[in-house]
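Here is the structure we will look at.
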There are 2 protein chains.
Amino acid sequence: MTEAAGGGRDAEAVSKFVESFAAQLVEAGMQRMAARVFAALLSSDKGVMTSAELGEQLQISPAAVSGAVRYLAQTHMVSREREPGSRRERYRVHGDQWYEALTNREAVLKRWEAALREGVSSLGADTPAGRRMAETLAFFEFIEREVAAMMERWRAHREERFGK
Amino acid sequence: MTEAAGGGRDAEAVSKFVESFAAQLVEAGMQRMAARVFAALLSSDKGVMTSAELGEQLQISPAAVSGAVRYLAQTHMVSREREPGSRRERYRVHGDQWYEALTNREAVLKRWEAALREGVSSLGADTPAGRRMAETLAFFEFIEREVAAMMERWRAHREERFGK
DNA sequence: CGCTTCTTTCAGAAATTTGTGAAGTTAAGG
DNA sequence: CCTTAACTTCACAAATTTCTGAAAGAAGCG
């Protein structure tokens, strides 16, 4: 039977999922190693893995794990935790990592909006280009408000469906 | 006075906006040339430019313009039009290019969902990992529905604010 | 305190991506 | 049809990014 690292699970099936899901994430712009690490965590039994386990399963160096995890932690896709009384660190995916990640896109939007405001005022709000940029700006502001409301609804929906 | 290609506008102010907005788009994952071309169009007087004008303003080769425009057209950020009776092509931004672009992210979501479904069924819906993936899948499905509704609201909001 | 184990940082090799010039293709206009 | 203007494709050079091994840096444990 094909089972190993996962602890009694079909290692090949896991690997197949990891690589195919990671590929989709990469195509959408995520760094390759970050995508693979994230997918591995998502499909792990406990949703928690150590650096060594990740390196082993994905066949990558500790340095690569470190880089991937740093990125994932910054974007709130995984959290790091210290096993009490050990130098080992563990990385965990939550059920609501995407919720978190989406919420943090807000910072990106804010910067876009700032650049657009600058553009509107430097080109003139009464010019055709200025008006076009103002409308784009309005769209982003709208989205920002809506996404906040949407996340609120997701929380409700989730509790109802999966229980808190 | 600093004015030129734009046709009576402050070329330096335009260029400054183009580069700073493009930089933000690049940071969020867009290809550099595509970002610059898009920003140039957004800040152009008529919202329309020819390949030659773009190359001139951004100081890039026709090949680079071609590549950037291909990407932007695929993602529905700009549309191409043929000047009637001419070999010249013109590229245009609409007021609702982001609306379009966001709508087309749906395709990406669909692929992610497919990969997750595959994962759930190959690892087993009754395993911890399977349940985690199923919840992620539910989140995406929720987002997909919500985004559609949100875009509907944007159309209403937009008409009210800017007039159709 | 010092040993040991784990993680991070760093410099460089390898791979990938990006942009260009030049040739190729398409289509308008004589 | 042939010419010519415009866009696209292709091969390559340059720049950037990515991953690794090795060294340096923390932190538990004796």
Side-chain angles (χ1 to χ4, degrees), chain A residues 5 15 18-19 22-41 44 48-75 77-93, chain B residues 5 15 18-19 22-41 44 48-75 77-93:
Chain A
S15 174
V18 167
E19 298 308 329
Q24 295 299 330
L25 295 177
V26 168
E27 200 169 335
M30 189 184 286
Q31 304 169 0
R32 184 199 315 273
M33 288 297 133
R36 296 180 71 210
V37 165
F38 180 75
L41 279 167
S44 70
V48 176
M49 294 177 80
T50 65
S51 176
E53 287 167 344
L54 286 165
E56 159 74 14
Q57 180 178 337
L58 300 173
Q59 288 296 304
I60 58 180
S61 72
V65 174
S66 174
V69 162
R70 178 176 24 176
Y71 173 82
L72 290 169
Q74 272 173 1
T75 56
M77 298 284 286
V78 312
S79 58
R80 343 165 62 116
E81 31 185 81
R82 213 42 174 275
E83 282 183 79
S86 162
R87 283 128 288 192
R88 248 190 213 116
E89 209 152 3
R90 312 193 314 182
Y91 309 111
R92 152 166 281 138
V93 284
Chain B
S15 174
V18 168
E19 297 308 328
Q24 295 299 330
L25 295 177
V26 167
E27 201 168 335
M30 189 184 287
Q31 304 168 358
R32 185 202 313 275
M33 288 296 133
R36 296 180 72 209
V37 164
F38 180 75
L41 278 166
S44 70
V48 176
M49 294 176 79
T50 64
S51 176
E53 287 166 344
L54 285 166
E56 159 74 15
Q57 179 178 336
L58 301 174
Q59 289 294 304
I60 57 180
S61 72
V65 175
S66 174
V69 162
R70 177 177 23 174
Y71 173 82
L72 290 168
Q74 271 173 1
T75 56
M77 299 284 287
V78 311
S79 58
R80 342 165 62 118
E81 29 185 82
R82 216 36 175 277
E83 282 183 79
S86 163
R87 283 132 285 193
R88 245 189 215 116
E89 208 152 1
R90 310 192 315 180
Y91 309 112
R92 152 167 281 139
V93 284

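Computed from a predicted model, the values in this text were never measured in an experiment. All chains are named by letter (A, B, ...) in the order of the sequence lines, taking the proteins before the strands, and each is independently numbered beginning at 1.
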List the steps, then state whether side chain to side chain contact (heavy atoms under 4.5 Å, CB included) holds for A:V93 with A:L72. CA-CA 10 Å; A:V93 284; A:L72 290 169; over 6 Å; no

Are B:V69 and B:E89 close enough, and set up right, to give a side chain to side chain contact (heavy atoms under 4.5 Å, CB included), and what steps lead you there? CA-CA 11 Å; B:V69 162; B:E89 208 152 1; over 6 Å; no

Between A:I60 and A:P84, name the one whose nearest nucleotide on DNA chain D is closer to the 5' end.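 Its nearest nucleotide lies further toward 5', so the answer is A:I60.
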
Pairwise 5' ranking along DNA chain D for B:Y91 and A:M33, keeping only the more 5' one: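 So the residue in question is B:Y91.
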
Do the non-hydrogen side-chain atoms of B:M33 and B:Y71 ever get within less than 4.5 Å of each other?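 No - every pair of side-chain heavy atoms lies 4.5 Å or more apart.
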
Taking the side chain as C-beta and beyond, is there a heavy-atom pair between B:M30 and B:T75 under 4.5 Å?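 Side chain of B:M30 against side chain of B:T75, heavy atoms only: no contact under 4.5 Å found.
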
Between [X] and [N], is there a contact of a side-chain N or O with OP1 or OP2 at under 4.0 Å?
X	N	result
B:S51	D:dC7	yes
A:R88	C:dC6	yes
A:R70	C:dT9	yes
B:R80	D:dT8	yes

By nearest atom, which of the nucleotides D:dC7, C:dT7, C:dT20 is closest to the B:S61 side chain?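 Nucleotide nearest to B:S61's side chain: C:dT20.
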
What is the distance, to the nearest angstrom, from the [atom1] atom on [X] to the [atom2] atom on [N]?
X	N	atom1	atom2	value
A:E83	D:dC29	CD	P	11 Å
B:R36	C:dG19	CZ	P	9 Å
B:R87	D:dT8	CZ	P	15 Å
A:Q31	D:dC19	CD	C1'	12 Å
B:Y71	C:dT18	OH	C1'	14 Å
A:L54	D:dC19	CG	P	15 Å
A:E27	C:dT17	CD	P	12 Å
B:E89	D:dA6	CD	P	12 Å

Is B:G67 touching bases, backbone alone, or none of the nucleic acid, heavy atoms closer than 4.0 Å?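 Touches nothing.
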
Write down the atom of A:L54, the atom of A:M49, and the distance for their closest heavy-atom approach.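 Taking A:L54 first and A:M49 second, the nearest heavy atoms are CD2-SD, 3.6 Å.
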
Nearest nucleotide by nearest heavy atom, which residue falls closer to the 5' end of DNA chain C, A:R32 or A:V65?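 Residue closer to the 5' terminus by nearest nucleotide: A:V65.
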
